[in-house]
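Protein chains get the first letters and strands the later ones, always in sequence-line order, with residue 1 at the start of each.
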Amino acid sequence: MDLSKPRGGERRNFIERAIEEDLASADGSMEITTRFPPEPNGFLHLGHAKAICINFGIAATYGGVCNLRFDDTNPSREETRYVEAIKEDIRWLGFDWHERLFFASGYFQQLYDWAEFLINKGKAYVCDLDPDEIRKFRGTFTESGKDSPNRDRGVEENLDLFRRMRAGEFADGTRTLRAKIDMASPHLVLRDPVMYRIMKADHHRTRDEWPIYPMYDWAHGQSDAIEGISHSLCSLEFENHRPLYDWYTENLELESPPRQIEFARLEVTYTLTSKRKLRHLVEEGHVSGWDDPRMPTLKGMRRRGVPPEAICNFCEEVGVAKFRSTIDMVRLENAIRDHLNPRALRRFGVLDPIKVVITNYPEGQQETIEAINNPEDSAAGTRQVTFSRELWIERADFREEAPRKFFRLVPGREVRLRYAYCITCDEVVKDPDSGEVVELRCSYDPQSSGGRTSDGRKVKGIIHWVSAIDSFEAEVRIYDHLFASPRPEEVTEGQDFTTNLNPDSLIVKRARLEAALESASPGERFQFERVGYFTLDEVDSGAAGAVFNRIVALRDSWAKIEKRKK
RNA sequence: UACCCGGUGGUGUAAUAGGCAACACAACUGGUUUUGGUCCAGUCAUUCGAGGUUCGAGUCCUCGCCGGGUAGCCA
């Protein structure tokens with residue numbers, strides 16, 4: 001996907017259509033500017049990726065820019081470390097805000113001045129009600145609210161009180177500045193919303209400069225306006241706030257106010273995109289951290305080995321709409337495979353090794369065999385793999401009793417070892433106590449070099465293998481969905497969403513990998529043939545040995561057949 | 001019960017000024033293949049309901065039905 005490519009002839013989503021209408025009616029005088037406005041109180045996840053792709057993508061499509069603006073209006077939970085982490089994640093995804101890095105806290109003075117402007121116009125007042133009283137005065141869905149006793153304070157008194165709020169004269173929570181709109185409005189958000197609250201907290205950027213902080217509604221639209229945002233794209237939960245968003249820009253008498261357009265946030269099966277719940281998983285130790293490869297956080301997916309391009313392609317493919325949909329996780333997995341298939345170098349990795357001895361292959365002998373690095377890309381070249389008398393193959397590629405359509409190794413049957421020889425299983429050696437198969441004694445057809453039979457007989461089964469001589473042992477982590485349920489948030493009453501966690505979301509294997517993998521470096525992604533895509537775990541690989549993460553499995557139609565039979 | 005927003009195959013997203021419901025994924029068939037991968041071909045919906053306007057409605061109007069959101073000094 002190329003986000004910078006104008007989509008002239010292509011289909012547009014409802015946001016693009018709205019923008020094109022605005023562009024047309026502005027008659028050349030409008031420049032498209034968007035913004036991605038995270039609150040620095042947590043790490044970015046898959047849901048944010050969609051917002052990032054939309055905002056940066058739209059800007060690129062229409063030749064505009066996208067600002068990165070931290071919405072840091074609530075110091076009680078925001079930290080600089082999140083600012084840095086968020087910047088890193090956005091860059092990793094492949095987007096660049098250039099010099100357009102902003103903070104809502106950078107506008108505190110302008111916001112304050114605007115507040116006085118509204119007070120002077122008689123459109124804002126200082127209210128002495130406490131939070132509980134404000135709630136009671138607000139009324140309900142069906143009953144209108146009651147005016148605050150302070151609603152008709154004079155301008156001078158309001159100004160005086162507001163300045164004293166700003167000077168820090170009052171205790172936290174004792175007063176607010178509220179917009180004077182309409183306590184009888186059917187839109188609850190318009191019933192004299194709070195603009196400022198008193199909060200003597202240490203702000204990550206302005207420290208103790210301000211004892212009052214603007215509310216989201218008062219800060220966001222105005223920040224948009226200051227930055228010249230043309231289209232403020234946000235998720236559906238802000239739809240109810242749009243009348244207020246517009247009220248502020250109207251009453252501030254701003255020219256060319258930004259237009260807010262809401263879209264449905266990304267929802268994916270078998271996972272969650274709730275900051276609060278993800279935090280719970282981390283804090284309760286259900287995962288190893290924010291970067292646990294099973295987490296839908298960008299840090300987690302990065303460590304897992306998911307290519308950022310796949311995430312962007314996925315976001316593009318699933319589209320943008322106002323319908324609250326849930327995307328099937330297989331779509332993400334597919335996007336990952338689609339991106340990796342033409343790129344990832346092929347290697348052999350045996351996850352669950354079982355020893356094979358080629359009884360008619362001379363002891364001590366070995367040979368090197370050429371293997372293709374990527375059949376999808378001839379430029380990727382070839383590599384040498386070692387063949388020897390003792391090999392490892394996948395336990396799943398052997399059955400004592402072959403089910404129907406099982407093409408792999410079975411006593412008395414022949415399979416091809418990819419790029420090497422055809423072998424026949426002659427004998428099964430078991431552990432006398434456990435009955436477990438510990439070794440397969442096979443014979444090879446010396447005429448079948450490269451897997452081609454000299455007599456033209458067909459050998460349908462083909463399996464991967466590694467030599468016992470130069471393969472090495474490594475830990476391989478097989479990840480599955482973090483949750484066993486497609487909709488983890490749906491729980492029977494009295495239960496917690498963690499009851500939906502998938503107990504098998506991580507399975508650790510002691511694998512045997514081909515020698516070429518020993519030089520794997522962080523960030524490289526491989527396809528272990530017939531198994532899946534893997535990458536080196538940057539955190540846990542070390543002197544004690546390599547650790548590989550499975551990014552995603554290969555499609556497995558044999559598994560599908562077997563599942564269907566049950 | 002007030003207000004706001006939605007409803008197109010199994011899942012999503014489309015459908016230029018109303019003009020043959022398209023694309024992708026999933027599923028199922030089959031083909032190719034030294035990865036049971038990839039790739040290729042085929043099958044799979046009368047658009048929530050009822051009226052109305054119109055030569056013609058997924059698109060426009062009316063009335064319903066169903067789903068989501070909103071009563072933080074969170075964002």
Considering every strand and a 4.0 Å limit on heavy-atom distances, what is the contact class for A:R178: base, sugar-phosphate, or nothing? nothing

The reported gap from CD1 in A:I15 to CZ in A:R259 (rounded to nearest 0.5 angstrom) is 10.0 Å

Note to self: Looking at A:E376 and B:G37, is any side-chain donor or acceptor paired with a base atom of the opposite kind under 3.5 Å?
What the structure shows: yes

With B for base contact, S for sugar-phosphate-only contact and - for none (protein heavy atoms under 4.0 Å), nucleotides 67-75 of chain B reads -SBBBSBBB

Per ring-ring contact (aromatic ring centres under 6.0 Å, His included), A:Y196 is matched among A:F108, A:F162, A:Y213, A:W210 by A:F162

Is A:R408 touching bases, backbone alone, or none of the nucleic acid, heavy atoms closer than 4.0 Å?
base

Assign each of A:K405 and A:F14 the nucleotide of RNA chain B bearing its closest heavy atom; nearer the 5' end lies the nucleotide of A:F14

Dot-bracket assigned to RNA chain B with the 3.5 Å Watson-Crick/G-U criterion, [ ] for crossing and | for other-strand pairs, is .((((((..((((.....[..)))).(((((.......)))))....(((((..]....))))))))))).....

Tell me if the side-chain of A:Q527 makes a donor-acceptor pair with the base of B:U35, cut-off 3.5 Å, by modelled atom types. yes

Discussion item. Could you tell me if A:N41 and A:E39 have a donor-acceptor pair between their side chains, going purely by distance under 3.5 Å?
Written reply: yes

message: Please classify the nucleic acid contact of A:F70 as base, sugar-phosphate, or nothing, using heavy-atom distances under 4.0 Å.
response: nothing

task: Verify the ring-centre separation between A:F534 and A:F528: is it less than 6.0 angstrom?
output: yes

Notebook entry, point to check: Considering only the P atoms, how many Å lie between B:G58 and B:U53, rounded to the nearest integer?
Noted result: 16 Å

With syn defined as a glycosidic angle within 90 degrees of 0 and anti as anything else, the base of B:G12 is anti

Once base and sugar-phosphate atoms are separated, protein heavy atoms under 4.0 Å mark nucleotides 23-28 of chain B, 5' to 3', with B, S and - as -BSSSS

Quiz item: Within the structure shown, what part of the strands sits under 4.0 Å from A:S76 by heavy-atom distance: base, sugar-phosphate, or nothing?
Solution: nothing

- request: Respond yes when some side-chain nitrogen or oxygen of A:S325 is under 4.0 Å from OP1 or OP2 of B:U11, and no when none is.
  value: no

